[in-house]
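Written below as structure tokens is the structure these notes are about.
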Amino acid sequence: MTEQAVRDGLHHARINGNEVYLNAVRLTVATVRRTLAAAGSTAGDLDLVVPHQANIRIVDSIVKHTGLAPERVFTNLDRYGNTASASIPIAVSEALAPGRLRPGNLVLLAGFGVGTTWGSVLLRWGGGEPS
């Protein structure tokens, strides 16, 4: 950092919201597709999808571009808003309560962070009582 950079106001972090949105959608769609392909599965095979709950526009775009069934996507943004890194664990916990997540279900968890990190995992829910 230089004195000139400070004078020019370049010492503050800036977020390009549109670019974050586009990256979050593009990269999460790519990881969902790769994960399903690597497992030899399709969107239609999934019993439940739990995406990161950053904002509903991102979730809706991911669903649209991956062919995921909207009725199988669990969201709780309407109740909590963005709970950051806790969003997937909170949603999984909530999905257990009404029985939307049951032993044997094929579940896709997909997350991203500020549009610069992303990942997904496909798992068969084991069920059983918590220890």
Side-chain angles (χ1 to χ4, degrees):
M1 187 55 53
T2 66
E3 186 176 328
Q4 184 61 47
V6 172
R7 271 192 247 116
D8 292 342
L10 301 176
H11 60 294
H12 300 288
R14 291 181 173 84
I15 295 178
N16 181 336
N18 190 49
E19 194 63 30
V20 169
Y21 169 86
L22 292 173
N23 279 339
V25 172
R26 181 180 18 239
L27 298 170
T28 304
V29 165
T31 192
V32 165
R33 287 179 179 161
R34 279 195 311 272
T35 299
L36 289 172
S41 296
T42 68
D45 297 330
L46 300 172
D47 296 299
L48 186 68
V49 178
V50 182
H52 171 50
Q53 313 281 312
N55 84 40
I56 199 66
R57 286 181 50 239
I58 293 174
V59 172
D60 289 345
S61 290
I62 292 166
V63 168
K64 175 183 172 188
H65 294 294
T66 56
L68 298 170
E71 66 275 7
R72 294 184 183 165
V73 178
F74 190 91
T75 60
N76 58 17
L77 275 159
D78 59 321
R79 292 184 297 285
Y80 307 117
N82 183 350
T83 55
S85 62
S87 71
I88 291 175
I90 290 169
V92 167
S93 176
E94 285 195 337
L96 285 167
R100 286 201 56 194
L101 180 54
R102 295 182 299 277
N105 281 169
L106 188 59
V107 182
L108 177 75
L109 309 177
F112 54 89
V114 196
T116 60
T117 60
W118 59 94
S120 60
V121 63
L122 184 64
L123 56 93
R124 181 77 57 192
W125 190 256
E129 292 299 312
S131 54

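Because the structure is a prediction, the values reported are computed rather than measured.
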Open item on the list: Tell me if a side-chain donor or acceptor on T28 pairs with a main-chain N or O of V25 at a distance below 3.5 Å.
Closed with: no
- [ ] Please report the closest heavy-atom contact between G104 and D47, naming both atoms and the distance.
- [x] O-OD2, 4.3 Å
- [ ] Only counting residues at least two apart or in another chain, list the ones meeting side chain to side chain donor-acceptor pair (under 3.5 Å) with R7.
- [x] E3, Q4
Open item on the list: Are the side chains of R33 and V29 in contact, using a 4.5 Å heavy-atom criterion?
Closed with: yes
Task: S120 (side chain) donor-acceptor with T31 (main chain) under 3.5 angstrom - done: yes
- [ ] Using modelled atom types only, decide if a donor and an acceptor are shared between the side chain of D45 and the backbone of T42 within a distance under 3.5 Å.
- [x] yes
- [ ] State, to 0.1 Å, how close G126 and P103 come at their nearest heavy-atom pair, and which atoms those are.
- [x] O-CB, 4.0 Å
Task: N76 side chain to R79 backbone, donor-acceptor under 3.5 Å - done: no
Task: L106 side chain near L122 side chain, heavy-atom distance below 4.5 Å - done: yes
Open item on the list: Run the side chain to side chain contact (heavy atoms under 4.5 Å, CB included) test against S85 and tell me which residues pass, sequence neighbours left out.
Closed with: none
Task: Flag side-chain contact, heavy atom, 4.5 Å: L46 against L36 - done: yes
- [ ] Answer with yes or no whether the hydrophobic clustering places I90 together with L96; edges join I, L, V, M, F, W, Y residues whose side-chain heavy atoms lie under 4.5 Å apart.
- [x] no
Task: Check: Q53 and Y80 side chains under 4.5 Å, non-hydrogen atoms - done: no
Task: Side-chain heavy atoms of L48 within contact of R72, under 4.5 Å - done: no
- [ ] With rounding to the nearest 0.5 Å, note down the distance linking CD1 in I58 to CG in N23.
- [x] 10.5 Å
Open item on the list: Taking the side chain as everything from C-beta on, heavy atoms only, tell me whether V107 gets closer than 4.5 Å to F74.
Closed with: no
Task: Closest heavy-atom pair and its distance - S87, H52 - done: OG-ND1, 2.6 Å
TODO: Heavy atoms only: give me the nearest A54-L77 pair and the separation to one decimal.
DONE: O-CD2, 3.9 Å
Task: Exam field: side chain R100 to backbone E94, donor-acceptor pair closer than 3.5 Å - done: no
Task: Interatomic distance, I62 atom CD1 to F112 atom CZ [nearest 0.5 angstrom] - done: 5.0 Å
Open item on the list: Looking at every non-hydrogen atom in both residues, tell me the closest pair between L109 and I88 and how far apart they are.
Closed with: CD2-CG2, 4.1 Å
Task: Donor-acceptor under 3.5 Å (S61 side chain, R57 main chain) - done: yes
